[in-house]
2 protein chains.
Amino acid sequence: MAATIRDVALRAGVSVATVSRALNQSGPVREDTRRRVVEAVTELQYRPNNAARSLITRRTGMFGVLLPDLHGEFFSELIRGLDEAAQAHGYHLLLSSSHDLAEELEAALHGMQGRVDGLVVMAPRLSAEKLDALLPRNTPVVLLNSPHVATSVYNLRIDNRGGARAIVTHLISHGHRRIAMITGPAGNHDAEERVAGYRDALADAGIACSSALEIEGNFRTSGGYRATGVILGLEDRPTAIFASNDAMALGALSALRDAGVGVPDDMALAGFDDLSSTQYSIPPLSSVHVSISELGARAIAGLSDVVTNGSPTAERHEILHATAVLRRSCGCSGREANGKA
Amino acid sequence: MAATIRDVALRAGVSVATVSRALNQSGPVREDTRRRVVEAVTELQYRPNNAARSLITRRTGMFGVLLPDLHGEFFSELIRGLDEAAQAHGYHLLLSSSHDLAEELEAALHGMQGRVDGLVVMAPRLSAEKLDALLPRNTPVVLLNSPHVATSVYNLRIDNRGGARAIVTHLISHGHRRIAMITGPAGNHDAEERVAGYRDALADAGIACSSALEIEGNFRTSGGYRATGVILGLEDRPTAIFASNDAMALGALSALRDAGVGVPDDMALAGFDDLSSTQYSIPPLSSVHVSISELGARAIAGLSDVVTNGSPTAERHEILHATAVLRRSCGCSGREANGKA
DNA sequence: GTGAAAGCGCTAACAG
DNA sequence: CTGTTAGCGCTTTCAC
């Protein structure tokens, strides 16, 4: 049986209250008393029981993380950012992923009830109304890349629209006028914002946009491959493709290669996310960089702030800038440079 | 204030004991009593307090997951497997990643003390002795791809050696005799096993192995790129490269391309992991397939088994098969096929 | 079938 | 500075 605080108190010849104070520095304890306690702790290998502690403090030291069906590098980078920050702030991460449907999210939310001090939720496929209905009222929530909702204390997003606009504007600066876009899955909030950015750029340049040039993808490599096949079959073939994420851009690259279409000469190409692997694609892929791990880090910082400072300092909204990274696939020389719309 | 079991009891006109029994079906309750309880629960929006519950049951409903510094697809696939299985078994995942050093692992292990009913640990850089000293004695542990240790109840691994042997044997069957290998980081257990498999294959074919042909990488794309530069500079240049993971193989592909070396004609290439993105590389990459998510799923199943059945049914050891997947980079036509040594 | 009561291990007043 | 005491919300004997 594991040692309890009572055993420690007995061993150190003090009361349990003193042990508690010594261990949590939650009150004055004479130095030598403290030392006796610490000794007893190590001798008995005492570890405080977290359940008992959080039963009374009403804090669990854990943040819940609810993510949609994410893949590969994006997912691992996000977790890395969350994890590092959580550790730094003294929290653990309770993770639950693959929640695309409202019901799944709700079930997961339910399961975390009372187990966490705060929640990081990413739900790009849910409407503001749905989200609003689902979010718990008693737990601080940080929303990632989701439609804004009043009940969340903090809303973080990457500048999907601005980033897409910047890279497409760059494509236009290479002389392209007929630019196809491979979109994300329908109903995905990020995907929609990137489409908006694409249209912004076209509008800026006085180019009419056409729904025939917006081919639906799924944010997966396979979808990029497929969509590119459609694009190549278009009459009056476009001279450039903007894929709304890198995974699809890689699929596009593969399809272009299979079709014998040279990149960037016969077809310019750009993606979004700037995954680290894209600089090794052939040719290296121009993309939009966004610090995914920072997104995670800020989310945790925001939660931690709310939890320790009690009241939500204020309802907050934060946008992480996304900048174009120019490599060879768009026609640039390969030297990296920043392009800002 | 959230409703407690007392409130529910009052509302339903029964005792707290009955509420508990009704909710946990831990004892006989008359049907209409049960219904009254359920009604009160929904009306009051009652949620049992997990802290209180685990204080007495000594179960938390959570499994801890401790991972090394993993990246990209491997990481996300593993988590997916773990997460799905955990959900299926009614558990939550307490995640902590990026632990390569023994001290980091220890700190994380400490933090999870008492918060979890079991642990999934992946520590490819730690020796059996180090691990043995670190692992808690009172919590069931499943070890993933780690040196076997007696204190773990369950040991799962992928067949690194067999998989490497199979793909290298295949390379040899294409007529290659001089095959370079890009290894993983020194001290990594998986990496070492893959080297052993590579040597096995050479030995099988009566080819002497040479340390000059084993170039150290780091499991990252950048390392594969760098190592390939070294290989291309070798006198009596090899005709094939086995990269011990796909990330490095992709880096190799990029380096080969930059050097104007054709794949597979001038240089055959194969990787390991069979990441989904590799089928879209140019040319598609031959690799070794292993079901990463299944690794995760089995880990959870094993833990869950131990936790519910009390005693560790027996000390177990399980190996997940790894099979060669043949695409174009090794010289095959592109039609997928299985090659088994 | 149901209720009363005794804690699980800890923290937090409140005295001293 | 330290000890006593009263619970946190729940499960679980033990009676009835």
Side-chain angles (χ1 to χ4, degrees), chain A residues 1-41 44-62 90 111-117 138-139 310, chain B residues 1-41 44-62 111-117 138-139:
Chain A
M1 202 51 193
T4 75
I5 197 173
R6 238 193 173 75
D7 302 323
V8 176
L10 239 57
R11 176 91 158 182
V14 298
S15 73
V16 293
T18 301
V19 175
S20 176
R21 278 189 289 256
L23 263 31
N24 305 315
Q25 31 244 194
S26 56
V29 177
R30 245 183 24 224
E31 178 51 25
D32 63 316
T33 314
R34 198 193 59 76
R35 201 172 17 247
R36 283 220 312 288
V37 169
V38 171
E39 256 169 43
V41 164
L44 266 43
Q45 300 223 62
Y46 167 72
R47 296 280 133 209
N49 180 315
N50 284 305
R53 190 201 289 254
S54 60
L55 177 57
I56 185 159
T57 61
R58 290 167 173 297
R59 292 175 63 322
T60 63
M62 303 197 281
M112 289 195 176
Q113 270 277 16
R115 291 182 199 269
V116 298
D117 298 336
N138 46 351
T139 310
Chain B
M1 201 53 191
T4 76
I5 197 172
R6 239 194 172 75
D7 302 323
V8 176
L10 240 58
R11 176 88 157 184
V14 297
S15 73
V16 293
T18 300
V19 175
S20 176
R21 278 190 288 257
L23 261 31
N24 305 313
Q25 31 244 196
S26 57
V29 177
R30 247 186 19 228
E31 178 50 26
D32 63 316
T33 314
R34 199 193 58 75
R35 199 172 18 247
R36 283 222 310 289
V37 169
V38 171
E39 255 169 44
V41 164
L44 266 43
Q45 299 224 61
Y46 167 71
R47 296 280 134 209
N49 179 316
N50 285 304
R53 188 200 288 252
S54 59
L55 177 56
I56 185 159
T57 60
R58 299 181 161 288
R59 292 175 67 315
T60 63
M62 303 198 281
M112 289 196 176
Q113 270 277 15
R115 291 182 199 269
V116 298
D117 298 336
N138 47 351
T139 311

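Numbers restart at 1 for each chain; the letters A, B, ... are given by sequence-line order, proteins then strands. All of these numbers come straight from a predicted model, not from anything done at the bench.
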Practice prompt. Show your reasoning for whether side-chain contact (heavy atoms from CB on, under 4.5 Å) applies to B/V14 and B/R21.
Written response: CA-CA 11 Å; B/V14 297; B/R21 278 190 288 257; over 6 Å; no

Rounded to the Å, how far apart are [X] [atom1] and [N] [atom2]?
X: B/R6; N: D/dC8; atom1: CZ; atom2: P; answer: 7 Å
X: B/L44; N: D/dC10; atom1: CG; atom2: P; answer: 12 Å
X: B/R115; N: C/dC10; atom1: CZ; atom2: P; answer: 13 Å
X: A/L55; N: D/dC10; atom1: CG; atom2: P; answer: 9 Å
X: B/Q25; N: C/dG1; atom1: CD; atom2: P; answer: 15 Å
X: A/N50; N: D/dC8; atom1: CG; atom2: C1'; answer: 15 Å
X: A/Q113; N: D/dG9; atom1: CD; atom2: P; answer: 15 Å

Fill in: Closest nucleotide among C/dG1, D/dT2, D/dG9 to the A/R30 side chain
D/dT2

Worksheet item: Step by step, would you call B/N49 with B/T4 a side-chain contact (heavy atoms from CB on, under 4.5 Å)?
Response: CA-CA 8 Å; B/N49 179 316; B/T4 76; over 6 Å; no

Discussion item. It should be established whether A/T4 places a side-chain nitrogen or oxygen under 4.0 Å from OP1 or OP2 of nucleotide C/dG9.
Written reply: no

Item to complete: Could you tell me whether the phosphate oxygens of C/dG9, OP1 or OP2, come under 4.0 Å of any side-chain nitrogen or oxygen in B/R58?
Response: yes

Response to the item:
Per-nt protein contacts along nucleotides 11-16 of chain D (heavy atom under 4.0 Å; B base, S backbone sugar-phosphate only, - none) come out as BB----

Worksheet item: Is any side-chain heavy atom of B/R59 closer than 4.5 Å to a side-chain heavy atom of B/D117?
Response: yes

Discussion item. Pair B/R6, B/V16 - check side-chain contact (heavy atoms from CB on, under 4.5 Å), show working.
Written reply: CA-CA 6 Å; B/R6 239 194 172 75; B/V16 293; 4.2 Å; yes

Discussion item. If the threshold is 4.0 Å, N to carboxylate O, is there a salt bridge linking A/E31 and A/R35?
Written reply: yes

Worksheet item: How far does CG of B/L23 sit from CZ of B/R34, to the nearest 0.5 angstrom?
Response: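 Answer rounded to 0.5 Å: 9.5 Å.
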
Practice prompt. Rounded to the nearest 0.5 Å, what's the gap from CG on B/N50 to CD on A/Q113? Could you check?
Written response: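 B/N50 atom CG to A/Q113 atom CD measures 9.0 Å (nearest 0.5 Å).
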
Worksheet item: For B/T33, which contact category applies under a 4.0 Å heavy-atom criterion: base, sugar-phosphate, or nothing?
Response: sugar-phosphate

